[in-house]
Structures are given as structure tokens and as C-alpha cells.
Visitor: 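Submitted below is the structure of interest, expressed as C-alpha cells.
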Amino acid sequence: MTDETSPGDSVRPLRWRDGAMELLDQRLLPGEVRWVRITSAAEAARAIQDMVVRGAPAIGLAAAYGVVLAAGQAYDASASQWRHAIETDLETLRNARPTAANLRWAIGYMQTGFPALTGDPRAALLAQARDLHQADIAANRHMGRLGAALLDKGGVLTHCNAGSLATGGYGTALGVVRAGFAAGLIGNVFVGETRPWLQGARLTTWELLQDGIPVTLLADSAAATLMRDGCVRWIIVGADRIAANGDVANKIGTYALAVLARHHGVRLMVVAPTSTFDPATDSGADIPIEQRDGAELRQSARTVVVPAQAGILNPVFDVTPAELVDVMVTEKGVLRAPYEGGIQRLFPGV
Ligand code: MRU
């Protein structure tokens with residue numbers, strides 16, 4: 001079962017139940033644990049847009065289950081023309097968020113199954129989405145082991161939430177944290193609050209505490225002081241898209257941490273499955289950066305804290321140049337700078 005959990009890995013952000021997708025509503029955590037039932041492709045796209053589910057691999061999986069829902073709707077509308085009828089829904093899903101490579105990758109992967117299907121496509125596509133979900137968790141466990149093997153004893157700092165909540169389960173950056181903590185290698189896990197949506201403060205703290213891993217929250221602006229004081233050996237983050245030259249798009253603030261890390265002799269580890277790599281995009285300059293509604297900055301816990309006349313700039317991702325990344329951990333192995341050659345070997349012929 002794709003949503004099976006175990007001690008130390010108890011959180012799942014999505015599951016399939018009785019013909020529908022259920023999403024753990026990440027807008028409400030940590031105050032409330034509520035599952036939202038998604039029964040159509042349009043609802044899936046809206047849930048991705050509104051961040052009911054978020055994190056690059058998790059939105060890819062939500063889109064994959066969304067394809068199952070879309071195919072069912074298209075088949076009911078036209079049993080012979082469902083491959084044509086599904087196109088609008090697929091386009092809506094693809095455009096739900098612009099930056100993460102996994103979203104389009106997962107939809108493309110689901111489409112590879114279309115030609116062989118006969119009759120009602122639901123059961124076969126559901127099996128395909130479940131396989132994808134299972135493979136994501138297995139990849140995360142493998143990356144966890146690979147990444148933990150690189151750690152020396154000491155504190156780590158992570159940013160945003162690249163954990164179970166952001167993937168099929170176990171997490172990318174937090175997978176390394178889980179494996180490193182289990183091996184006794186990690187003294188302190190620090191996490192920046194990750195303004196403005198507070199993925200670090202609300203989600204990473206909650207997720208790690210569910211699994212008994214102590215975590216310390218800091219204001220994003222405290223990271224420099226923490227590094228200067230020698231409290232952090234590694235910064236461990238996930239990624240939304242990695243370009244052919246190794247530039248990494250990830251949650252806004254990652255670039256600042258990377259610059260600080262280089263100044264203070266702290267190393268930066270990016271943990272991401274190959275579905276996050278986009279070898280067709282030359283460099284970070286070509287990665288679309290999502291701008292979200294200014295209300296995310298204007299309000300805090302639904303209370304307005306900014307004068308209404310103030311302009312708002314809310315880019316939610318940034319690009320860290322490849323030269324600031326010390327190591328990339330994928331499910332196919334560890335890459336080191338210069339990254340272009342290693343990425344080309346992962347994607348021959350692209
Ligand atoms: O806006 P979000 O919360 O979807 O952003 C998530 C991140 O930036 C994560 O670090 C990234 O998707 C990797 S998750 C394994």
C-alpha cells in the first residue's frame with residue numbers, strides 16, 4: 001500500500017480512498033489535521049494552486065491521481081474519444097503551478113500509459129499512479145541513505161518543507177534528516193520559518209515532531225548568526241526544478257542561505273529525485289518563478305499586518321547558481337560540481 005507508514009515515517013500528504021484522492025490540508029497544519037476529498041481533475045488543480053498540497057514531488061503525485069480522475073470523467077463523457085476529451089483537464093493540471101518540474105513530468109508519465117489502454121482506463125491508471133507514489137517513497141528512502149552517508153556529526157539547517165508532506169512520503173531533504181538522525185549523526189535540526197507561507201514554522205516542525213525528531217525554529221534572518229557561531233555543518237534542502245547546468249530553483253530564501261553558507265564554510269546539499277531535473281532547460285535564468293498573491297505577505301494568520309497602500313512583491317522561489325551547491329543527491333547517485341556532465345549522463349539524448 002502506498003500510504004503505509006512506519007515508526008519514524010508516520011506522515012503522508014495524500015492517499016486514494018474509495019474512488020477519490022484525499023489530501024491532508026496543509027493550509028491548516030499544525031492547528032488542524034483535516035483530509036480533503038478530491039473527486040475531479042478541476043478540484044485537484046485547484047487544490048494544487050491553493051496549496052492544500054504543496055512541494056514538488058507531492059504536487060506531481062496529486063496531478064497523477066488527478067489524471068485518474070480526469071480519465072474517468074472523460075471516459076464517462078465519451079468512451080471512444082476519452083483520450084481527446086481529457087486534454088483540457090490535463091492542461092489545467094499542468095498549469096496549476098509553474099515552477100516545479102515534477103508536475104509536468106508526472107502528467108507526462110501518466111500519458112505514456114494511454115496508448116495501451118482498452119475499455120475503462122480508471123483501474124490501469126490508478127495502478128500506474130500508485131506505482132509512481134510507491135517509487136517516490138522508495139527513491140526518498142534511498143536518497144536518505146546516500147545523503148546521510150555524507151554527513152559528519154553536527155547541526156543541520158533546512159529550509160521550507162522538503163519532507164513527507166512535500167513528497168509521497170519520507171521526504172527528500174527531511175529523508176536525509178530522518179536517516180541521519182537515526183544514525184546518530186545529527187545534533188540539532190534547525191529550520192527557518194520560511195516567510196511568508198511558513199512551511200518551515202508550520203509544517204517541518206510538525207512533521208519532524210510527529211516522528212520524535214527534535215527541531216529548533218529560527219527566524220529566516222537568524223541563519224547568518226547561526227552559521228557564524230558554528231552551529232551548522234550542512235544546509236540540506238530540496239528543489240523544485242534543476243536546470244541542465246545544475247542551477248537549482250527552490251523555495252525563496254534558498255539562494256540567500258547558499259551565499260551565507262559559502263561565506264561561512266558551511267556545505268549545501270540539494271536532495272532531489274530525477275523527476276525534479278529539467279534537462280531541457282539550459283539554466284536557472286529560464287526557469288519560471290511563481291509570483292503568488294500579495295495577501296500571503298500582507299496578512300499573518302489572517303490578520304492584516306501591512307498598510308493597504310504598500311506594494312507587495314511575492315516571488316516564492318529563487319535560483320541558486322550551481323557553483324554554490326556542494327553536492328546533489330538523487331535516487332540514481334550523488335552528483336558533484338561541475339554538474340553539467342553528471343546531469344547529461346542521467347539524461348542521455350536530451
Ligand atoms: O511553495 P511550496 O511549498 O510548494 O515550495 C516547496 C519547496 O520549495 C520545496 O523545497 C521543494 O518543492 C522540494 S519538496 C521535496
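Whatever order the structure lists them in is the order used to number ligands and atoms, beginning at 1.
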Visitor: Under 4.0 Å, counting heavy atoms only: does V237 come that close to any atom of ligand 1?
Guide: no
Visitor: Kindly state each residue pair satisfying ring pair (Phe, Tyr, Trp, His ring centres under 6.0 Å) with at least one member in residues 184-231, sequence neighbours excluded.
Guide: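 Every pair satisfying ring pair (Phe, Tyr, Trp, His ring centres under 6.0 Å) with a residue in residues 184-231: there are none.
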Visitor: Take every heavy atom of E290, measure it against each atom of ligand 1, and state whether any distance is under 4.0 Å.
Guide: no
Visitor: Does W197 come within less than 4.0 Å of ligand 1, judged by its heavy atoms?
Guide: no
Visitor: Could you tell me which atoms of ligand 1, counted from 1 in the order shown, lie closer than 4.0 angstrom to a heavy atom of C160?
Guide: 5 (O), 6 (C), 7 (C), 8 (O)
Visitor: Please list, in number order, the atoms of ligand 1 under 4.0 Å from a heavy atom of T172.
Guide: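 Heavy-atom distances to T172 below 4.0 Å select 15 (C).
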Visitor: Show me which atoms of ligand 1 lie under 4.0 Å from any heavy atom of M51.
Guide: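 Atoms satisfying the 4.0 Å criterion: 1 (O).
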Visitor: Considering only NZ, NE, NH1 and NH2 on the basic side and carboxylate oxygens on the acidic side, decide whether R94 and E91 come within less than 4.0 Å.
Guide: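 Answer for the salt bridge query: yes.
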Visitor: Without swapping roles, check the side chain of H264 against the backbone of L260 for a donor-acceptor pair under 3.5 Å.
Guide: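 Yes, because the side chain of H264 sits within donor-acceptor range (under 3.5 Å) of the backbone of L260.
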Visitor: Can you check whether A272's main-chain N or O pairs, donor with acceptor, with T276's side chain at less than 3.5 Å?
Guide: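 Side chain of T276 to backbone of A272, a donor-acceptor pair under 3.5 Å: no, none is there.
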Visitor: Could you see which bit of A56 sits under 4.0 Å from ligand 1, with heavy atoms only: side chain, backbone, both or neither?
Guide: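 Both backbone and side chain.
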Visitor: Starting from atom 10 (O) of ligand 1, which protein heavy atom do you reach first, and at what distance in Å?
Guide: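 Checked against all protein heavy atoms, atom 10 (O) of ligand 1 sits closest to N250 OD1, 2.7 Å.
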Visitor: Measure from NZ or CZ of R83 to the centre of the six-membered ring of F114, then state whether that distance is under 6.0 Å and the direction lies within 45° of the axis.
Guide: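 The answer is no, since R83 fails at least one limit relative to F114.
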Visitor: Sorted by first residue and then second, give each side-chain hydrogen bond (donor to acceptor under 3.5 Å, both in side chains) pair with at least one member in residues 328-346; sequence neighbours left out.
Guide: T274-E331
Visitor: Side chain, backbone, both or neither: which part of H159 has a heavy atom under 4.0 Å from ligand 1?
Guide: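 None of H159 does.
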Visitor: Under 4.0 Å, heavy-atom basis, I'd like to know which part of R97 is in contact with ligand 1: side chain, backbone, both or neither.
Guide: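 Only the side chain of R97 comes within reach of ligand 1.
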Visitor: With a cut-off of 4.0 Å, which atoms of ligand 1 are near a heavy atom of Q199?
Guide: 1 (O), 2 (P), 3 (O)
Visitor: For atom 13 (C) of ligand 1, which candidate among A166, G253, A239, G55 holds the nearest heavy atom?
Guide: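 Looking at heavy atoms only, the winner is A239.
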Visitor: May I ask you to decide if G8's main-chain N or O and S10's side chain share a donor-acceptor pair within less than 3.5 Å?
Guide: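 No; zero donor-acceptor contacts below 3.5 Å.
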Visitor: Are any of the side-chain nitrogens in K251 or D220 under 4.0 Å away from the carboxylate oxygens of its partner?
Guide: no
Visitor: Okay, side chain of S164, backbone of G169: is any donor-acceptor separation there less than 3.5 Å?
Guide: no
Visitor: When you compare the side chain of T99 with that of I287, does any pair of heavy atoms fall below 4.5 Å?
Guide: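 Yes; the side chains approach each other to less than 4.5 Å.
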Visitor: Please state which part of K251 comes within less than 4.0 Å of ligand 1, counting heavy atoms only: side chain, backbone, both or neither.
Guide: both
Visitor: Has the side chain of R122 got a donor or acceptor atom that lies under 3.5 Å from a matching backbone atom of A71?
Guide: no
Visitor: So which heavy atom in the protein is nearest atom 7 (C) of ligand 1, and how far is it from that ligand atom?
Guide: D240 OD1, 3.2 Å
Visitor: For ligand 1, which atoms sit closer than 4.0 Å to a heavy atom of F317?
Guide: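 The atoms of ligand 1 under 4.0 Å from a heavy atom of F317 are 1 (O), 5 (O), 8 (O).
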Visitor: Can you list the ligand 1 atoms lying under 4.0 Å from a non-hydrogen atom of T167?
Guide: 15 (C)
Visitor: For ligand 1, does V316 get within less than 4.0 Å through its side chain, its backbone, both, or neither, judged by non-hydrogen atoms?
Guide: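 It is neither part, as no heavy atom is under 4.0 Å.
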Visitor: Near A162, which atoms of ligand 1 are under 4.0 Å from a heavy atom of that residue?
Guide: 14 (S), 15 (C)
